[in-house]
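Note sheet for the following structure.
Protein chains get the first letters and strands the later ones, always in sequence-line order, with residue 1 at the start of each. In what follows, every heavy atom counts, from backbone to side chain, and hydrogens, waters and symmetry copies are set aside.
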Amino acid sequence: MNSFTIAAHTYRSRLLVGTGKYRDFDETRAAIEASGADIVTVAIRRTNIGQNANEPNLLDALPPSRFTILPNTAGCYTADDAVRTLRLARELLDGHKLCKLEVLGDPKTLFPNVVETLRATETLVREGFDVMVYTSDDPIIARQLQDLGCVAVMPLASLIGSGMGILNPWNLEIIIAEAKVPVLVDAGVGTASDAAIAMELGCDGVLMNTAIAAARDPILMASAMKKAVEAGREAYLAGRMPKKIYQATPSSPEGGVIGTVHKAA
Amino acid sequence: MLASISLYRTLGILALTTTLQLNGQPLTVPAPISLAQLVDRLGYTGKRIAVECNGEIVPRSRYGETALADGDRLEIVVAVGGG
């Protein structure tokens, strides 16, 4: 019930996690283990020339044999830079095609530049990448990215690293209703209830980093997020009861009460 | 392959060198040099890296046959923590 498929691969966990902002690789690994995530994002950066070439490598802590590594294009502001970064990532990961495309438009808000994102998508799909794309919560852009061949569309819940939660559930519902590929909320989740709400809306998964890494106890929060995503998914599948505005209905029998019986007029 | 000729003043001998742009910084190395030799010199042999030379990916299998020339723009990257 909880497994889902991206680009013909099936994953057990619907929680995808980032690997940034942890104290060290031990904490990174422990948090990711606690989250139960199968897919973990990484960034691609220049090596520090002249520094110790034997310093620990993230991919030793998170071996690609165990986790599906999802390289991102964080920090890229043009389609060209994003495409170059992912070509390097594919070489780094021995031809691995799954990637997370994000092309940013502004360093303060980290809002995506959707025009450059669309341009990069065209090139990457042509070159055989399986593109999971970070985008705004605009349903039209989401549809266009899907039509270009993205394997998953990942609208923001709110700004990257803000922890502000889901600001526009209405747009997410439109995107989910129209999507033919998995929809994942990427960015903005702050705590477990945010992740549960995303899943209750019908998202196929949630991608987060800071909500776990910046918690006081990242490993405990990773465990909470795992449960929240599972709980939200089960609630979505179970189908919630209808909301009855200003209309209470008792859960206990109305008859047989000792003393005076009160009935609504 | 172009190689610049520079005088090693302290040694007083003529030496061939190549100046590359590596990760946005100039780096002068003895010439001739292959990408495999540069990677070894930097201590990255056997490490999980990827290399772009003048905008093109160089597959790991071709480091040995890739001769580097003056002015080549190289990017050497690794995976780091990120969301």
Side-chain angles (χ1 to χ4, degrees), chain A residues 16-22 24-25 27-28 40-55 57-64 69-75 80 84-95 100 102 110 134 160-161 186-187 207-213, chain B residues 3-4 6 17-83:
Chain A
L16 287 67
V17 295
T19 55
K21 302 184 186 173
Y22 288 101
D24 52 36
F25 289 157
E27 190 185 62
T28 309
V40 299
T41 64
V42 302
I44 304 298
R45 288 292 180 273
R46 288 170 162 169
T47 57
N48 292 317
I49 304 296
Q51 293 191 12
N52 179 15
N54 288 315
E55 64 193 18
N57 183 304
L58 177 64
L59 296 180
D60 295 333
L62 301 169
I69 306 295
L70 185 66
N72 71 24
T73 59
D80 289 349
R84 281 175 66 200
T85 299
L86 290 175
R87 286 175 184 151
L88 279 162
R90 181 158 66 175
E91 169 63 19
L92 187 71
L93 297 166
D94 306 315
K100 172 183 162 179
E102 58 179 295
L110 301 180
Y134 169 68
I160 293 173
D186 177 5
L207 199 169
M208 66 179 74
N209 189 150
T210 310
I212 297 174
Chain B
S4 68
S6 72
T17 63
T18 298
T19 299
L20 310 164
Q21 281 292 318
L22 175 57
N23 289 355
Q25 301 286 330
L27 179 73
T28 300
V29 290
I33 188 167
S34 70
L35 178 54
Q37 288 167 322
L38 176 71
V39 165
D40 190 50
R41 195 183 167 85
L42 296 170
Y44 297 148
T45 301
K47 306 281 181 204
R48 245 187 205 280
I49 57 165
V51 182
E52 182 198 70
C53 182
N54 299 327
E56 301 290 331
I57 300 296
V58 185
R60 220 164 296 156
S61 57
R62 295 228 296 269
Y63 289 176
E65 67 196 57
T66 302
L68 299 177
D70 243 2
D72 278 351
R73 287 171 294 107
L74 288 160
E75 298 286 348
I76 303 183
V77 300
V78 289
V80 302

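- Between B/Ser34 and B/Gly64, the shortest heavy-atom distance links the atoms CB-O, 3.6 Å.
- Rounded to the nearest 0.5 angstrom, B/Asp72 CG and B/Leu27 CG are separated by 12.0 Å.
- Contact detail for B/Ala79 and A/Ile44: the closest heavy-atom pair is CA-CD1, 4.4 Å.
- Taking A/Leu110 as the reference, A/Tyr77, A/Leu104, A/Ile160 meet the side chain to side chain contact (heavy atoms under 4.5 Å, CB included) condition, with sequence neighbours excluded.
- Taking the side chain as every heavy atom from C-beta outward, B/Leu20 and B/Leu38 approach each other to under 4.5 Å.
- In terms of heavy atoms, A/Ala89 sits closest to A/Pro71 at CB-CB, 3.5 Å.
- The shortest distance between side-chain heavy atoms of A/Leu207 and A/Leu70 falls below 4.5 Å.
- By number of non-hydrogen pairs under 4.5 angstrom with chain B, the leading residue of A/Leu88, A/Leu58, A/Val42, A/Leu93 is A/Leu88.
- Heavy atoms closer than 4.5 Å to chain A are found in the side chain of B/Ile57, but not in its backbone.
- Taking chain B as the reference chain and counting heavy-atom pairs below 4.5 Å, the highest number among A/Gly20, A/Ala43, A/Gly18, A/Ala187 is found for A/Ala43.
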Please list every donor-acceptor pair closer than 3.5 Å that links chain B with chain A, giving the two atom names and the distance for each.
residue: B/Asn23; atom: O; partner: A/Arg46; partner atom: NH1; Å: 3.3
residue: B/Asn23; atom: ND2; partner: A/Thr47; partner atom: O; Å: 3.1
residue: B/Asn23; atom: ND2; partner: A/Thr47; partner atom: OG1; Å: 3.2
residue: B/Tyr44; atom: OH; partner: A/Thr47; partner atom: OG1; Å: 3.1
residue: B/Lys47; atom: NZ; partner: A/Asn54; partner atom: OD1; Å: 2.9
residue: B/Arg48; atom: NH1; partner: A/Leu92; partner atom: O; Å: 2.8
residue: B/Arg48; atom: NH1; partner: A/Asp94; partner atom: OD2; Å: 3.4
residue: B/Arg48; atom: NH2; partner: A/Asp94; partner atom: OD2; Å: 3.4
residue: B/Glu52; atom: OE1; partner: A/Arg84; partner atom: NE; Å: 3.4
residue: B/Glu52; atom: OE1; partner: A/Arg84; partner atom: NH2; Å: 2.5
residue: B/Glu52; atom: OE2; partner: A/Arg84; partner atom: NE; Å: 2.7
residue: B/Arg60; atom: N; partner: A/Glu91; partner atom: OE2; Å: 2.9
residue: B/Arg60; atom: NH1; partner: A/Asp94; partner atom: OD1; Å: 3.1
residue: B/Arg60; atom: NH2; partner: A/Glu91; partner atom: O; Å: 2.8
residue: B/Arg60; atom: NH2; partner: A/Asp94; partner atom: OD1; Å: 3.4
residue: B/Glu75; atom: OE1; partner: A/Arg46; partner atom: NE; Å: 2.7
residue: B/Glu75; atom: OE1; partner: A/Arg46; partner atom: NH2; Å: 3.4
residue: B/Glu75; atom: OE2; partner: A/Arg46; partner atom: NH2; Å: 2.8
residue: B/Ile76; atom: O; partner: A/Thr47; partner atom: N; Å: 2.9
residue: B/Ile76; atom: O; partner: A/Thr47; partner atom: OG1; Å: 3.4
residue: B/Val78; atom: N; partner: A/Arg45; partner atom: O; Å: 2.9
residue: B/Val78; atom: O; partner: A/Arg45; partner atom: N; Å: 3.0
residue: B/Val80; atom: N; partner: A/Ala43; partner atom: O; Å: 2.8
residue: B/Val80; atom: O; partner: A/Ala43; partner atom: N; Å: 2.8
residue: B/Gly82; atom: N; partner: A/Thr19; partner atom: OG1; Å: 3.0
residue: B/Gly82; atom: O; partner: A/Thr19; partner atom: N; Å: 2.8
residue: B/Gly82; atom: O; partner: A/Thr19; partner atom: OG1; Å: 3.3
residue: B/Gly82; atom: O; partner: A/Thr41; partner atom: OG1; Å: 2.9
residue: B/Gly83; atom: N; partner: A/Asn209; partner atom: OD1; Å: 3.3
residue: B/Gly83; atom: O; partner: A/Lys100; partner atom: NZ; Å: 2.6

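- Looking at A/Leu59, the atoms closer than 4.5 Å to chain B (heavy atoms on both sides) all sit in the side chain, from C-beta outward.
- In plain terms, the two heavy atoms of B/Thr18 and B/Ala31 that are nearest each other are OG1-CB, 3.0 Å.
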